[in-house]
Number of protein chains: 4
Amino acid sequence: MNTFGRKFKLSIFGESHGEGIGIVIDGCPVGIPLKEEDFKADFDRRRSGARGTTPRQEPDLPKILSGVYKGKTSGAPIAIVFENTNIQSRDYDEIQSIPRPGHADLTAHNKYKGFNDPRGGGHFSGRITLGLVAAGYLAKQVLKEVNFDAKVIEVGGSKDIEKTIDKALKEGDSVGGLIECRISGLPTGLGEPFFDSAESLISHLVFAVPATKGIEFGSGFEAAKMKGSEHNDEILDADGKTASNHAGGINGGITNGNDLVFRVAVKPTSSISKTQHSYNQSKNKTEDFNIVGRHDACIALRIPVIIEAVAAIALADLMLIKE
Amino acid sequence: MNTFGRKFKLSIFGESHGEGIGIVIDGCPVGIPLKEEDFKADFDRRRSGARGTTPRQEPDLPKILSGVYKGKTSGAPIAIVFENTNIQSRDYDEIQSIPRPGHADLTAHNKYKGFNDPRGGGHFSGRITLGLVAAGYLAKQVLKEVNFDAKVIEVGGSKDIEKTIDKALKEGDSVGGLIECRISGLPTGLGEPFFDSAESLISHLVFAVPATKGIEFGSGFEAAKMKGSEHNDEILDADGKTASNHAGGINGGITNGNDLVFRVAVKPTSSISKTQHSYNQSKNKTEDFNIVGRHDACIALRIPVIIEAVAAIALADLMLIKE
Amino acid sequence: MNTFGRKFKLSIFGESHGEGIGIVIDGCPVGIPLKEEDFKADFDRRRSGARGTTPRQEPDLPKILSGVYKGKTSGAPIAIVFENTNIQSRDYDEIQSIPRPGHADLTAHNKYKGFNDPRGGGHFSGRITLGLVAAGYLAKQVLKEVNFDAKVIEVGGSKDIEKTIDKALKEGDSVGGLIECRISGLPTGLGEPFFDSAESLISHLVFAVPATKGIEFGSGFEAAKMKGSEHNDEILDADGKTASNHAGGINGGITNGNDLVFRVAVKPTSSISKTQHSYNQSKNKTEDFNIVGRHDACIALRIPVIIEAVAAIALADLMLIKE
Amino acid sequence: MNTFGRKFKLSIFGESHGEGIGIVIDGCPVGIPLKEEDFKADFDRRRSGARGTTPRQEPDLPKILSGVYKGKTSGAPIAIVFENTNIQSRDYDEIQSIPRPGHADLTAHNKYKGFNDPRGGGHFSGRITLGLVAAGYLAKQVLKEVNFDAKVIEVGGSKDIEKTIDKALKEGDSVGGLIECRISGLPTGLGEPFFDSAESLISHLVFAVPATKGIEFGSGFEAAKMKGSEHNDEILDADGKTASNHAGGINGGITNGNDLVFRVAVKPTSSISKTQHSYNQSKNKTEDFNIVGRHDACIALRIPVIIEAVAAIALADLMLIKE
């Protein structure tokens with residue numbers, strides 16, 4: 001459903017081309033300074049601007065409706081709303097009869113019996129993640145001493161990121177990317193048995209972010225190739241500091257005080273300018289077609305701040321549960 | 001916490017060397033035939049026997065305490081309990097002052113202020129997954145027409161599985177493995193926005209299984225290297241059948257009717273016979289030590305049936321939510 | 001917390017004198033016609049107008065931000081927001097140092113360490129129930145064939161309602177009331193063991209409504225005085241129709257197809273014009289004081305539609321769980 | 001469903017005449033001393049013995065399967081199981097075709113399509129509350145300084161309890177009762193807006209207890225007859241101590257430090273020896289019939305310790321949420 005969390009609880013809503021989108025955050029501790037401008041740095045990272053990101057320039061102005069009094073969180077739920085502006089639904093209308101490959105167009109249509117809003121992906125649009133970034137900003141304030149750092153480390157299998165994107169743009173194509181997130185300064189003891197391991201909550205939220213295809217913690221998929229004698233991290237002291245960090249900062253689902261490290265695979269943007277071939281619902285046959293409109297050549301570029309946000313949300317929840 | 005699910009709800013309990021372990025399954029539909037012997041085939045797959053699995057031979061006899069009447073599920077919660085037998089706590093006592101690298105010994109000790117049961121990993125033992133396999137059996141009955149098939153496809157980076165394990169055994173070492181799970185015959189429409197995508201629920205549960213380090217759906221990490229024109233799956237008909245399956249059977253978090261495919265990386269068993277070097281709490285210094293006792297040389301061999309179980313649990317929950 | 005429900009899920013937010021209030025409703029079935037004017041009849045019942053209700057005349061204009069497409073519910077979360085207007089915070093500022101007897105002023109202040117918004121009761125204001133009434137309207141559409149009828153049946157212990165209120169108004173005092181809610185046309189089988197009996201969910205929500213002091217189902221408190229031979233409802237047919245209805249339409253927590261009947265006791269409005277004596281925080285002593293501002297002489301008059309709403313919400317949730 | 005709580009979480013299971021019943025308690029703080037005999041005093045209060053209670057003498061021996069290590073709670077889920085013994089299913093078989101008035105026989109049969117276990121009420125039996133009492137004992141340990149005192153204050157409308165019961169016994173009838181619960185020494189600040197008021201959680205659990213018909217807090221139904229000037233509790237100091245206690249220890253859903261007081265109406269036992277008239281399913285007509293077997297003449301006598309238990313469970317959950 002559209003809610004998540006046990007103590008730091010989120011309810012998310014909105015469609016890409018509807019009246020607005022937003023989030024309600026319940027269970028945030030009192031006394032955290034918060035004003036609408038505070039979100040700006042994180043929103044800017046998500047937004048775009050770099051080559052390879054969409055030219056849709058939403059102002060992304062958050063309006064805090066509740067939960068803040070005299071500039072500080074009050075203990076009541078914090079509702080944050082974003083009006084939708086700069087909408088060009090025309091872009092999507094033309095191709096409505098062809099569900100876009102790689103998108104939720106067809107699965108959503110079938111699941112909701114045609115009642116869902118298809119414009120711009122509707123409720124399945126990446127735009128909805130704006131609320132996540134806002135919640136992530138707050139979660140980071142809950143984890144005041146913790147440092148979150150996610151970045152794109154590879155695009156299209158290459159570390160030469162700009163060049164790869166330029167090539168994709170030229171071809172009217174898109175390209176996937178790899179994101180690494182490193183979290184340092186985390187307290188030990190975050191994570192709950194049996195089902196709510198730190199990895200469980202983080203991966204749960206990461207796969208709520210559109211376009212993610214995989215996640216690995218610490219040694220990750222490399223671990224499948226390793227021996228125990230190589231993989232085991234030698235413990236150095238009573239706090240749990242280790243010589244290596246194949247565990248990625250987590251043992252038995254519980255943070256061990258070392259850096260929490262994970263990587264996320266992001267698929268290439270599904271909307272491309274190149275001609276594609278797929279199923280036309282009104283004609284009941286496959287055919288060539290083109291997607292007109294604004295696309296990111298590499299959606300992975302906009303996702304690191306969202307990955308930080310969801311990690312912060314999961315860890316803030318675990319922190320408040322632990323307390 | 002130790003509960004999971006919205007309609008098909010689990011509560012899991014127990015410690016490796018305590019009185020017993022078990023699970024309570026709430027929300028199971030009525031009328032499903034169930035007797036204690038039905039679990040046997042799945043338990044046998046989990047148990048061991050193959051080279052490279054532990055010689056601890058638990059009888060694994062489930063006792064159904066409630067929720068079944070005249071051989072069929074009654075709509076009341078189904079409690080299944082397993083007595084612990086064949087316990088050799090001595091194996092672990094000797095090394096209690098050295099938290100085992102790769103295990104939850106130290107994180108659990110610190111989190112629970114020393115009140116946790118450390119014997120055999122306590123509540124963090126892989127033995128607790130027996131309840132998951134039982135719940136998975138039931139979940140598969142809820143999804144009667146669906147076929148689940150998980151298997152080890154690589155060990156230690158090699159497809160020559162037996163040879164690799166023999167070598168590890170000889171060295172007193174252990175080795176990681178890669179599991180692929182393929183689910184066919186799934187209905188479309190399973191998965192809920194925004195937070196409860198099919199991938200979110202499956203990965204949440206997969207990371208509750210001890211020793212898992214990564215998960216990828218469909219093209220997975222390969223997607224990060226691909227172009228959109230390669231990755232997009234051409235849609236062939238109104239049901240959503242696609243020519244390729246990079247999506248791994250899921251679009252926008254919702255099953256699309258194609259095979260749901262994911263892979264899970266499993267680390268090498270942390271307990272090895274080889275001498276290791278780590279921190280001794282009573283001496284407050286690092287030192288050489290050896291773990292005595294029974295270990296799996298490749299825990300990945302026992303995990304496929306658990307992976308099937310958690311996938312079935314997640315999908316049964318989504319199926320019952322959808323209905 | 002500020003969320004409720006398993007399938008028909010609510011998140012509520014807002015403060016009396018903040019930017020706005022609202023609700024997010026998740027899990028509503030698709031295809032229900034909904035426009036902003038649809039709420040009007042229920043809002044009018046909640047609002048006031050009758051003698052004995054507050055002269056604060058909010059326009060109560062709902063804005064649907066999401067979840068409705070082409071005039072019908074789309075399956076995405078429905079966010080409904082109400083701007084706060086006509087705010088006279090001055091009324092409350094004068095007495096801020098004296099926590100009002102019968103209100104949450106002091107408990108909220110202490111719980112939230114002074115960070116909560118105290119204006120007009122903040123998040124504890126009855127105004128927040130506007131969102132409940134909106135959700136209740138939708139819940140009634142989910143239960144299309146069901147009839148909800150709640151009304152005030154006594155005020156100040158008397159059935160002569162207008163007279164009693166006139167007297168209270170003249171004295172600058174307020175008066176409590178008794179509400180009866182009768183729900184007919186309900187399907188059988190709503191209610192879940194063990195914890196989610198129909199009574200459990202309804203009473204849970206009723207006590208979320210400010211000013212409620214008691215609830216009784218069917219025979220209620222009278223049952224404590226009765227004999228089994230009097231109280232048992234003779235069953236008349238296989239559907240569960242009964243000759244009498246002491247059960248109030250529920251057996252074992254499950255609706256039995258007879259009218260669901262319950263009564264709710266509402267305390268007299270805590271804010272009165274009469275001089276009161278209580279604790280002054282800045283002077284650290286008790287003293288006489290007067291509350292200036294707009295008050296309901298009998299808040300019970302505005303509550304029947306809220307009682308219908310919460311009953312509908314609980315029953316719609318149980319209906320969707322059952323399906 | 002059969003789960004309750006956010007931090008102090010319960011899962012309950014079992015049927016009256018099945019293999020056993022039990023409860024799993026998750027989220028209990030570590031370090032609380034617990035052994036099986038500790039429950040005895042509370043179990044004895046629930047059991048019976050007094051005139052007017054059933055002669056079914058279950059040994060009620062709890063077996064702690066998990067979550068306790070070296071005599072103290074370990075942080076892992078605590079599973080407590082009770083074997084069913086002394087079962088006389090014959091008593092119930094004879095009347096199986098006549099759903100007993102006042103019981104869940106017919107509603108459960110219809111809801112579960114006949115798959116439910118009907119023997120002794122199955123999962124709807126009062127026997128299941130044994131697990132609640134066990135959880136209540138633990139909850140009281142979490143609230144170490146708090147005193148819970150529930151007792152029957154009226155039976156059949158009379159304070160002459162023994163006499164009233166003797167008369168009912170002689171007539172082969174049963175009689176209802178009124179229970180008052182007084183909780184002193186509670187910290188302030190327990191209770192969460194909007195939906196999780198202290199009253200909401202307590203009433204939710206009280207209506208999970210079979211035979212309850214009503215609940216009122218503080219002034220309760222009397223409040224509906226009062227004026228604001230009478231009802232408002234004068235506040236005496238900054239901690240919230242009040243001169244009167246019409247609020248019953250709760251303002252705005254949050255405990256205010258005064259005694260938390262509520263009353264619960266319990267209906268007369270539905271199973272009586274007297275001849276009744278009701279519907280016979282196999283004959284499809286109503287007829288005279290008699291219930292053979294063991295009954296309580298006044299079930300209210302056994303319920304005070306259950307009421308204490310559910311109040312303690314709700315308040316322990318709120319306490320752990322607050323921390």
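All values below come from the heavy atoms of this structure, side chains included, with hydrogens, waters and symmetry mates left out. To find a chain, count down the sequence lines: A is the first, B the second, and so on, and within it residues start at 1.
- One side chain, A/Thr275 or A/Asn290, offers a donor N or O that lies under 3.5 Å from an acceptor on the other.
- Contact annotation for A/Asn110: only side-chain heavy atoms (C-beta onward) come within less than 4.5 Å of a heavy atom of chain B.
- Taking the side-chain hydrogen bond (donor to acceptor under 3.5 Å, both in side chains) definition, one finds that B/Lys167 meets it with B/Glu171, sequence neighbours left out.
- With a threshold of 4.5 angstrom between heavy atoms, A/Ser229 approaches chain B through its backbone and through its side chain.
- Heavy-atom distances place no part of A/Ser158 under 4.5 Å from chain B, backbone and side chain included.
- Of the atoms belonging to A/Ile272, it is side-chain heavy atoms, and not backbone ones, that fall under 4.5 Å from chain B.
- Of the two parts of A/Tyr112, only the side chain, counted from C-beta on, holds a non-hydrogen atom closer than 4.5 Å to a non-hydrogen atom of chain B.
- Interface residue A/Asn2: backbone and side-chain heavy atoms are both found under 4.5 Å from chain B.
- For B/Val266, the part lying near chain A is the backbone, with the side chain staying farther off; criterion is any non-hydrogen pair under 4.5 Å.
- With salt bridges taken as basic N to acidic carboxylate O contacts below 4.0 Å, none links A/Lys227 and B/Asp173.
- Only the backbone of A/His103 comes within less than 4.5 Å of a heavy atom in chain B; its side chain stays farther off.
- For chain B, no part of A/Ile202 is nearby; none of its heavy atoms comes within less than 4.5 Å.
- Both the backbone and the side chain of B/Ile254 come within contact range of chain A, each with at least one heavy atom under 4.5 Å from a heavy atom of that chain.
- Looking at A/Lys274, the atoms closer than 4.5 Å to chain B (heavy atoms on both sides) all sit in the side chain, from C-beta outward.
- The shortest side-chain heavy-atom distance between A/His109 and A/Pro99 does not fall under the 4.5 Å cut-off.
- At a 4.5 Å heavy-atom cutoff, the contact between A/Ala238 and chain B is made by backbone and side-chain atoms alike.
- Neither the backbone nor the side chain of B/Lys285 comes within contact range of chain A; no heavy atom of the residue lies under 4.5 Å from a heavy atom of that chain.
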Evaluate the side-chain contact (heavy atoms from CB on, under 4.5 Å) criterion for residues A/Phe4 and A/Leu201: first the C-alpha distance (whole Å), next the side-chain angles of each, then the deciding distance (0.1 Å), finally the verdict.
CA-CA 10 Å; A/Phe4 191 82; A/Leu201 293 201; 4.2 Å; yes
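- Only the side chain of A/Thr286 comes within contact range of chain B, with at least one heavy atom under 4.5 Å from a heavy atom of that chain.
- Residue A/Phe221 touches chain B through both its backbone and its side chain, counting heavy-atom pairs closer than 4.5 Å.
- In this structure, A/Lys7 does not pair ionically with A/Asp317, as no charged nitrogen and carboxylate oxygen lie closer than 4.0 Å.
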Evaluate the criterion side chain to side chain donor-acceptor pair (under 3.5 Å) for residue pair B/Asn284 and B/Ser282; output intermediate values, then yes/no.
CA-CA 6 Å; B/Asn284 192 21; B/Ser282 40; over 6 Å; no
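- Neither the backbone nor the side chain of A/Val209 has a heavy atom closer than 4.5 Å to any heavy atom of chain B.
- Neither the backbone nor the side chain of B/Thr188 comes within contact range of chain A; no heavy atoms are under 4.5 Å apart.
- Under the 3.5 Å distance criterion, with hydrogens and angles disregarded, no donor-acceptor pair is assigned to the side chains of B/Asp288 and B/Gln276.
- Taking the side chain as every heavy atom from C-beta outward, B/Asn256 and B/Ile250 never approach each other to under 4.5 Å.
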